[in-house]
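Structure first, then comments.
Residues: numbered from 1 along the sequence shown.
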Amino acid sequence: LHAAKGLEFPVVFITGCENGLIPFLREGEEPDLAEERRLFYVGMTRARDRLFLTRALQRTLYGRTTEREASPFVQDIEKKLITLEKRRARKPEKSGQVQLDLFG
């Protein structure tokens with residue numbers, strides 16, 4: 001998000017729109033919510049035509065799988081501006097191919 005300032009793209013994806021990632025929260029540190037919100041806004045305003053915000057319902061971080069809540073910044077966006085699409089994770093199709101071993 002820092003590097004996007006001053007740039008513009010037809011389509012922008014911002015992934016990880018989950019509380020703890022956006023805004024980024026570190027255990028034992030007080031976040032600068034105003035700065036985190038500004039960075040999120042910068043990222044969103046880089047989109048000329050389409051903006052996609054994605055999040056996981058469940059994520060594994062540092063070896064722990066946890067349920068995830070949407071970023072409070074996403075929850076602050078006017079509802080009339082949001083089109084919500086829910087997707088379920090798909091299981092990989094069985095192709096009959098064998099994964100190659102890189103080390104042996």
Side-chain angles (χ1 to χ4, degrees):
L1 293 174
H2 285 280
K5 191 171 183 179
L7 302 175
E8 199 172 66
F9 305 93
V11 179
V12 170
F13 289 83
I14 299 178
T15 61
C17 293
E18 303 153 28
N19 195 23
L21 295 177
I22 299 176
F24 187 65
L25 305 175
R26 285 192 180 119
E27 193 172 323
E29 288 185 23
E30 192 66 33
D32 183 349
L33 292 179
E35 176 65 7
E36 291 286 322
R37 184 179 299 277
R38 187 191 69 74
L39 283 172
F40 185 60
Y41 181 80
V42 165
M44 290 193 323
T45 57
R46 301 307 92 194
R48 270 190 302 230
D49 302 319
R50 307 229 28 211
L51 171 65
F52 294 88
L53 305 175
T54 69
R55 75 176 186 104
L57 296 175
Q58 187 179 62
R59 183 178 298 276
T60 302
L61 291 170
Y62 310 112
R64 290 189 347 219
T65 301
T66 59
E67 301 295 316
R68 306 298 296 184
E69 293 181 20
S71 167
F73 298 164
V74 172
Q75 295 172 9
D76 290 343
I77 298 171
E78 288 183 54
K79 301 302 180 226
K80 69 180 182 178
L81 299 175
I82 294 177
T83 301
L84 181 63
E85 294 184 23
K86 292 185 179 184
R87 303 280 181 184
R88 289 197 132 339
R90 292 183 288 181
K91 293 182 180 178
E93 296 178 18
K94 302 246 182 204
S95 67
Q97 294 180 338
V98 177
Q99 182 173 341
L100 299 177
D101 184 359
L102 295 175
F103 302 105

Please tell me whether F9 and I14 are part of a single hydrophobic cluster in this structure, the criterion being side-chain heavy atoms less than 4.5 Å apart. yes
Are L21 and L1 grouped together when hydrophobic residues (ILVMFWY) are joined by side-chain heavy atoms under 4.5 angstrom apart? no
Please say yes or no: joined through hydrophobic side-chain contacts below 4.5 Å, possibly via intermediate residues, are L61 and I22 part of one cluster? no
For residues F73 and L51: do they belong to one hydrophobic cluster (side chain heavy atoms under 4.5 Å, members Ile, Leu, Val, Met, Phe, Trp, Tyr)? yes
Rounded to the nearest 0.5 Å, how far does CD of E69 lie from CG of L57? 11.5 Å
I'd like to know whether CD of E35 has more than 12 heavy-atom contacts from other residues, nucleotides or ligands below 6.0 angstrom. yes
Least distance between heavy atoms, E85 atom then R87 atom: OE1-NH2, 2.9 Å
Is it true that L7 and L53 fall in one hydrophobic cluster, defined by side-chain heavy atoms closer than 4.5 Å? yes
Is the closest side-chain heavy-atom distance between R55 and V74 below 4.5 Å? no
Those residues that, when tested against F13, pass ring-ring contact (aromatic ring centres under 6.0 Å, His included) (two or more places apart): F52
Could you check whether atom CD of Q58 has more than 12 heavy atoms from other residues, nucleotides or ligands sitting under 6.0 Å from it? yes
Can you sort out the partners of Y41 under ring-ring contact (aromatic ring centres under 6.0 Å, His included), two or more places apart, ordered by chain and number? none
Is there a side chain to side chain contact (heavy atoms under 4.5 Å, CB included) between T54 and T15? Walk through the geometry before answering. CA-CA 5 Å; T54 69; T15 61; 3.3 Å; yes
CZ of F40 to OG1 of T45: how many Å apart, nearest 0.5 Å? 10.5 Å
Could you tell me whether the side chain of R46 and the main chain of K5 form a donor-acceptor pair under 3.5 Å? no
Got a second to check how far L25's CG is from E18's CD, nearest 0.5 Å? 11.5 Å
